[in-house]
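Only one structure is covered here, and it is reproduced in the block below.
These figures come from a predicted structure and were not determined experimentally. Residues take their numbers from the sequence shown, with the count starting at 1.
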Amino acid sequence: MKPVIALVGRPNVGKSTLFNRLTGTRDAIVADFAGLTRDRHYGNGRLGKREVIVIDTGGFEPDAGEGSIYREMAKQTRQAVAESDVVIFVVDARAGLSAQDHDIANYLRRLGKPCVLVANKAEGMTSGAQTVEFFELGLGEVLPVSAAHGQGVRSMLEIALERVPGLPPEDEDEPEAEPGVIRLAVAGRPNVGKSTLINAWLGEERLVAFDMPGTTRDAIKVPFERNGQKFELIDTAGLRRKGKVFEAIEKFSVVKTLQAIENAHVVLLLLDATQGVTDQDAHIAGYILESGRAVVLAINKWDAVDAYQREQIERQIETRLAFLKFASLHLISARKRQGLAPVWKSIAQAHASAMRKMSTPLLTRLLQESVAFQAPPRSGGGRPKMRYAHQGGMNPPVIVIHGNALDRVPDAYTRFLEGRFRKAFDLVGTPLRIEYRTSENPFKET
């Protein structure tokens, strides 16, 4: 499970610059969820082999007045803090200590959550002089950093990870599910019917279900079996224990959704036919693709819309979710239990495709046949030469192609090759990644 770090502080102290530095992006936004963005953004960061989820928040005023825009920002910041494992409290080394910093420090002390106090914009300032006044906040050591120049950021991240409770060693892998068990995450916005669908699954046919102790942040894994195939459902809806008949809390947590996607073999992305494809749907779908997870699309509440609405949502899927065109699409009604059986077939097919083994001789032959059918276009006075291919990984499948001048292969030709490989190996419901390895010319002058 990726540790979660929240960046907190008053406005204009450099939180977004620090977020950009930690995530290695310029726009800083990996998942910008509509309705949750004043300002709360989620991104992936890395320290060595350790990956983290970083949350950027808006300026925090714990005592913002009723009806104020800052009240909404404070609400979003509190949610980010609640979702995090450790908080990085950012202050401005040049502007100095403020009453608002005291208010935020008091709030964080009351929570008792692990916290790292960081004085940003400390470049060029005398060592120690820029941080001494912040010790009166009572949050321990003050770390001087410069988010804009990257000074002290690595040390800050190392200290933050040391304070994450129960974090396993860096080289310890995520516990694997029992062999033969498919980990399935059900993802989607609140109120799209995730809980209704899960309850329908748990009560249909000869389904075997029981509950296990929840993991961190109350994520719940529900093992069950259908037609001899074992599954482990990674819940993002917030199921209660069996004593509560698996009622849904339906409290939307972005972090739980992102972590569930990371830990799954297959993700079922559930859409709401009555609301169409929203920004949140598109962002969750983009994260699934970025994570390389197999995916199945299902449009719930199909029975509640008329012919015009059905046509509209089909067009929206073709345009807004065009990057998931490899995924199977199902029209269902979880409440009436209509159309659910074919979903299971697609889940099994997507998992099988994601774990498909492809032999090097067959891949190389397919590559050569594809090049003979349509050669890559000339670029820079020459044509890229593709020599052989082999499999570089599974879940998602990775095909590595070796040759010369492959850095000049255009995206359109990569898509052409992807289509040929997909058809040959019957890859449905999984992303397929093609990597190019260009051989060095031994006669090139150094």
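Contact of the Ile284 side chain with the Ile261 side chain is registered, since non-hydrogen atoms from C-beta on lie closer than 4.5 Å. Side chains of Val266 and Phe231 form no contact here, defined as non-hydrogen atoms less than 4.5 Å apart. Side-chain contact between Arg110 and Asn106 is present, with at least one heavy-atom pair separated by less than 4.5 Å. The closest side-chain heavy-atom distance from Val116 to Ile5 is not below 4.5 Å.
In the displayed structure, Lys113 atom NZ is contacted under 6.0 Å by more than 12 heavy atoms of other residues, nucleotides or ligands.
Under a 3.5 Å cut-off, the side chain of Arg356 and the backbone N or O of Pro397 do not form any donor-acceptor pair. Arg420 places no side-chain N or O within 3.5 Å of a backbone atom of Leu366 that could act as its donor or acceptor partner.
Of the charged side-chain nitrogens involved, at least one lies within less than 4.0 Å of a carboxylate oxygen, so that Glu311 and Arg315 count as a salt-bridged pair. At a threshold of 4.0 Å, the pair Arg437-Glu435 counts as salt-bridged, since one of the basic side-chain nitrogens sits closer than that to a carboxylate oxygen. Under the 4.0 Å criterion applied to side-chain N and carboxylate O atoms, Lys15 and Asp56 are not assigned as salt-bridge partners.
Side-chain contact annotation: Asp281 with Thr278, donor-acceptor N/O pair under 3.5 Å present. Using modelled atom types, one finds no donor on one side chain facing an acceptor on the other under 3.5 Å when comparing Asn300 with Arg335.
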